[in-house]
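First up is the structure itself, then whatever we jot down about it.
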Amino acid sequence: QVHLVEFGGGLVKPGGSLRLSCAISGLFSNYYEIGWFRQAPGKELEGVSMIAFVDSSTYYVDSVKGRFTVSRDNAKNTVYLQMNSLKTEDTAVYYCAGRGFLGHGYKWDDGTQYNVWGQGTPVTVSS
């Protein structure tokens with residue numbers, strides 16, 4: 001059974017950077033996709049990014065394009081979300097989520113398409 005654990009959240013000033021990690025255990029296939037989601041107080045869950053393991057395709061919500069980068073370290077069984085030029089509106093609890101490979105970024109930003117979730121890590125961007 002796949003298990004996900006996020007690390008790396010914290011408090012950062014606007015313009016700063018953070019790197020979130022999603023440690024994966026129990027996965028023995030490359031046909032898998034990891035999405036990053038976030039939920040700000042009083043707001044709905046939002047898809048932020050996704051990486052497909054089979055071909056390393058990546059997807060981003062428009063609001064983070066050019067600032068966030070999703071990547072994978074096969075040897076460490078970890079997916080990262082590098083967040084640069086952070087803004088106050090990036091403040092949220094960030095979750096990584098997993099699903100079997102669907103391809104072509106199918107509904108990558110729809111949380112109902114994922115069946116494994118981490119516990120979340122809070123990110124606060126504030127001066």
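Throughout, numbering of the chain's residues begins at 1 and tracks the sequence.
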Quick one, [X] and [Y] - any side-chain contact, counting heavy atoms below 4.5 Å?
| X | Y | answer |
| --- | --- | --- |
| M50 | T58 | no |
| W36 | C22 | yes |
| F53 | I34 | yes |
| T69 | Y80 | no |

Short question: side chain of [X], backbone of [Y] - any donor-acceptor pair under 3.5 Å?
| X | Y | value |
| --- | --- | --- |
| Y114 | W108 | yes |
| E6 | Q119 | yes |
| Q113 | L102 | no |

Please tabulate, one pair per line, all N/O donor-acceptor pairs under 3.5 Å involving side-chain atoms of residues 11-19, not counting sequence neighbours.
| from | atom 1 | to | atom 2 | distance (Å) |
| --- | --- | --- | --- | --- |
| S17 | OG | N84 | OD1 | 2.9 |

Kindly compute the distance separating [atom1] ([X]) from [atom2] ([Y]), expressed to the nearest 0.5 Å.
| X | Y | atom1 | atom2 | answer |
| --- | --- | --- | --- | --- |
| Y60 | L81 | OH | CG | 7.5 Å |
| Q82 | R67 | CD | CZ | 12.0 Å |
| S25 | L4 | OG | CG | 7.5 Å |
| S63 | D90 | OG | CG | 7.0 Å |
| F68 | L20 | CZ | CG | 8.0 Å |

Aromatic Y32 / basic R99 pairing, under 6.0 angstrom, 45° off normal: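 Output no; distance or angle outside limits.
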Check: W117 ring centre within less than 6.0 Å of F37 ring centre: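 That pair passes the under 6.0 Å test.
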